[in-house]
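Order of appearance sets the numbers: ligands from 1, and atoms from 1 within every ligand. Each residue takes its place number in the sequence, starting with 1.
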Amino acid sequence: MTRSTQPTEFDVIIIGAGAAGLMCASTAGYRSKRVLVLDNAKKAGRKILIAGGGKCNFTNVKVEPQHFICNNPHFVKSALARYPSSDFIELVERHGIDYEERDHGQLFCQHSAKDIVDMLLTECEWAQVDIRLRHEIIEIERHNSGFTLATNQGDFSCASLVIASGGLSMPKLGATPFGYKLAEQFGISVAPTRAGLVPFTLHDHDKQRFEPLSGVSLPVEVSAQNGVKFVRDLLFTHRGLSGPAALQISNYWQPGESLSINFLPETDALSLLEQLSIKKPKQSLKNALARVLPKRLVETIIDDSALQDTALNQLSNAQKALIEQCVHAFQFKPNATEGYRTAEVTLGGVNTDELSSKTMEAKQVAGLYFIGEVVDVTGWLGGFNFQWAWSSAVACGLGVR
Ligand SMILES: Cc1cc2nc3c(=O)[nH]c(=O)nc-3n(C[C@H](O)[C@H](O)[C@H](O)COP(=O)(O)OP(=O)(O)OC[C@H]3O[C@@H](n4cnc5c(N)ncnc54)[C@H](O)[C@@H]3O)c2cc1C
C-alpha cells in the first residue's frame, strides 16, 4: 500500500452500514471506542428500508436456535442469549416506535421501516460513531497493531476490523461478495453460498400447466425431501411459487428435488368427500372440493391428473387414492429458484468454526470480526435474520478491543 499521508486512526472500523454494522457501531461506541463505519452505498440501512414491504419485520416474539440454519447449530446460542429479541423490542419501545405483532410472532413497524434506520442512526450519533458513506474499500492490510484500509477517500487504520458487509441477495441494493473475499484473503474458509428465502421458478413443461393458477393463494403444508415442513400461505405466480411457504422451504430445497404440498393441512379430504356424498351423492368431485379449495386449483388438479370429474357416489377406490395424493401430497418439482435477484438472504458464508461464538472474532486472525448475514447463519422468514444481525452485532460490539 503506498500512502502520502498518515491514515486516520480509529479503535474500531466497521465495513457495512446495514443492520449489523450500525448496531455493532453504537454498542462499541457506548464503550467509548472511537468507531468508524464505512459503506460504499449512498444511504445507510437500505435493506432495512425495503424489508417487510417497507414495514420491516424487525424481530420475532419467539426466537430459538432452531430458527436458524448453520453448519454448527450451537453457534447462535450464545449471541441470541446475550441479546434476545426482548432487548431489541425494549430498544424499539425506548425510541417510541409503534409496532404490531402479526401471525407467527412477527413484529413489524406500524408506520415505516425508516423508524428502525432512524433509531439505529440516532443510537450511533449518541455513541459518537463516525459514519462515512460512498467509501470504496480498495485494499486492507494487517500489521502488528491492527489493520490499515485504503479507500477512494483516504486511508484509515484500526485495532479491530468488523466485516458487516452482508450477503449476495439483491445486488441492485448494493450487495457484494466483499466479506467472503476478505475472509479468503485472510485464509478463513467460507461455506458455499446460495440464494435463500426465495421464490421458485417452473420448468418449461409446467408453465402451461400452472399458468391458470397465477394469483391463487392458500394456506398449505409444504415439505422438502429432507422432511422439513412449514404450514404457511403459498402463492402461485406467473413465474412459479412464492409466498411465505415457498420462501421458507427454499432454504431446505436442493436443485433437482421435489416439494410435497398438502393443500388441505387441516382437513382430511376423503372424510370430507364421504360426508358430502351422504348429503349430496350426485355432487361432482370438482364442486365438492371447491367448497374447501380455490376453484382454479381444483380444476387444475383434476384436469391435470387421471381424475375424472365423477359424482361423489361413483368414486372408485383408485380415484380416492389419487385424490388423497393430489390434495395431500401434491408433487411439485421446481426448475430453480429466482436466485439472488429476489432472494431475501444468502445461505452459507463465513464458516462459523472459524469464529468465536462469544465475540464473532476470527480464531486465527486476532482483531478481525464477522457479523450479520456474511456469516454462515441464515434465519427463517419472520424477523429472524434481523435478530441475528442485532445479536451478532451486540456480541461483537461488546467484545471488540
Ligand atoms: C427484500 C428483502 C426483505 C427483507 N425483509 C426482512 C424482514 O422483514 N425481516 C428480516 O429479519 N430480514 C429481512 N431481510 C433480510 C435482512 O435484510 C438481512 O438479513 C439483514 O439486512 C442483514 O444485515 P447485515 O447488516 O448483515 O447486511 P446488510 O443489511 O445487507 O448491510 C450490508 C451493508 O454493507 C454494505 N456493503 C456491501 N458491500 C460493501 C463493500 N464492498 N464496501 C462497503 N460497504 C459494503 C452495503 O451497502 C450495506 O449497507 C430482507 C432482505 C431483503 C433483500
Side-chain angles (χ1 to χ4, degrees), residues 13-25 36-60 63 67-68 85 88 99 102 104-109 113 116-117 120-121 131-140 149 151-153 156 161-182 195-199 244 247 251 338-347 349-350 360 369-393 396:
I13 295 182
I14 300 170
I15 299 179
L22 294 175
M23 191 73 182
C24 181
L36 170 69
V37 182
L38 295 175
D39 201 297
N40 60 358
K42 284 186 247 164
K43 233 184 191 174
R46 280 175 85 192
K47 269 196 193 156
I48 303 173
L49 292 170
I50 59 148
K55 296 285 170 81
C56 185
N57 175 196
F58 55 79
T59 191
N60 197 288
V63 179
H67 295 125
F68 297 87
S85 64
F88 192 78
Y99 64 92
R102 298 196 193 158
H104 302 276
Q106 304 173 99
L107 299 183
F108 286 79
C109 295
I116 299 292
V117 176
L120 295 169
L121 292 175
I131 301 174
R132 302 194 195 182
L133 303 172
R134 298 172 195 261
H135 276 60
E136 298 289 341
I137 319 293
I138 297 162
E139 199 182 3
I140 295 180
L149 288 75
T151 80
N152 62 340
Q153 306 206 40
F156 304 91
L161 178 63
V162 181
I163 308 305
S165 54
L168 296 170
S169 50
M170 297 234 167
K172 69 169 190 249
L173 284 182
T176 73
F178 178 86
Y180 311 123
K181 288 196 169 150
L182 190 89
L197 297 181
V198 60
L247 300 191
N251 281 351
E338 288 186 4
Y340 293 119
R341 188 179 61 82
T342 58
E344 285 200 9
V345 286
T346 303
L347 287 147
V350 174
M360 307 293 141
Y369 301 76
F370 292 86
I371 58 172
E373 199 180 322
V374 73
V375 178
D376 173 28
V377 171
T378 305
W380 287 6
L381 190 76
F384 302 104
N385 285 294
F386 277 132
Q387 187 56 45
W388 170 247
W390 317 135
S391 296
S392 59
C396 177

Give a yes or no answer on whether the side chain of [X] reaches the backbone of [Y] with a donor-acceptor pair at less than 3.5 Å.
X	Y	answer
Glu373	Thr346	yes
Asn57	Gln106	no
Gln153	Arg134	yes
Asp39	Leu133	no
Ser165	Ile15	no
Thr59	Gln387	no

| Close approach, Arg46 and ligand 1, non-hydrogen under 4.0 angstrom | no
Hey, which atoms in ligand 1 end up nearer than 4.0 Å to a heavy atom of [X]?
X	answer
Gly372	26 (O)
Thr176	37 (C), 38 (N), 39 (C), 40 (C), 41 (N)
Asn385	11 (O), 12 (N), 19 (O)
Ala164	32 (C), 33 (C), 34 (O)
Ala17	49 (O)
Gly16	33 (C), 34 (O), 35 (C)
Ala41	47 (O)
Gly52	5 (N), 8 (O)

I'd like to check whether [X] has a polar contact with ligand 1, where a contact means an N/O of the residue lying under 3.5 Å from an N/O of the ligand.
X	answer
Ala343	no
Phe386	yes
Ala20	yes
Asn57	yes

Could you check [atom] against the protein and tell me its nearest heavy-atom contact, residue, atom and distance included?
atom	value
atom 37 (C) of ligand 1	Ser165 O, 3.3 Å
atom 53 (C) of ligand 1	Met170 CG, 3.4 Å
atom 29 (O) of ligand 1	Ala19 N, 3.5 Å
atom 40 (C) of ligand 1	Asn40 ND2, 3.3 Å
atom 31 (O) of ligand 1	Gly18 CA, 3.4 Å
atom 5 (N) of ligand 1	Ala51 CB, 3.3 Å
atom 27 (O) of ligand 1	Gly166 CA, 3.4 Å

Would you mind reporting whether [Y] and [X] have side-chain heavy atoms less than 4.5 Å apart?
X	Y	answer
Leu121	Ile131	yes
Leu197	Asn385	yes
Phe68	Val63	yes

| What pairs with Tyr180 under ring pair (Phe, Tyr, Trp, His ring centres under 6.0 Å), at least two apart in sequence or on another chain? |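 Scan of Tyr180 (ring pair (Phe, Tyr, Trp, His ring centres under 6.0 Å), adjacent residues dropped) gives none.
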Show me, pair by pair, the donor-acceptor contacts under 3.5 angstrom made by side chains of residues 43-54, not counting sequence neighbours?
residue	atom	partner	partner atom	Å
Arg46	NH1	Leu173	O	3.4
Lys47	NZ	Ser169	O	3.1
Lys47	NZ	Ser169	OG	3.3

| said: As a check for students: among Ile50, Leu133, Asp39, identify the option with a heavy atom nearest to atom 33 (C) of ligand 1. | reply: Asp39
| field | From the candidates Glu373, Glu344, Gln106, the one that places a heavy atom nearest atom 2 (C) of ligand 1 | value | Glu344
| task | Kindly say whether the aromatic ring centers of Trp388 and Phe384 come within a distance under 6.0 Å. | result | no
| task | Classify the ring geometry between Phe156 and His135 as parallel (under 30°), tilted (30 to 60°) or perpendicular (over 60°). | result | tilted
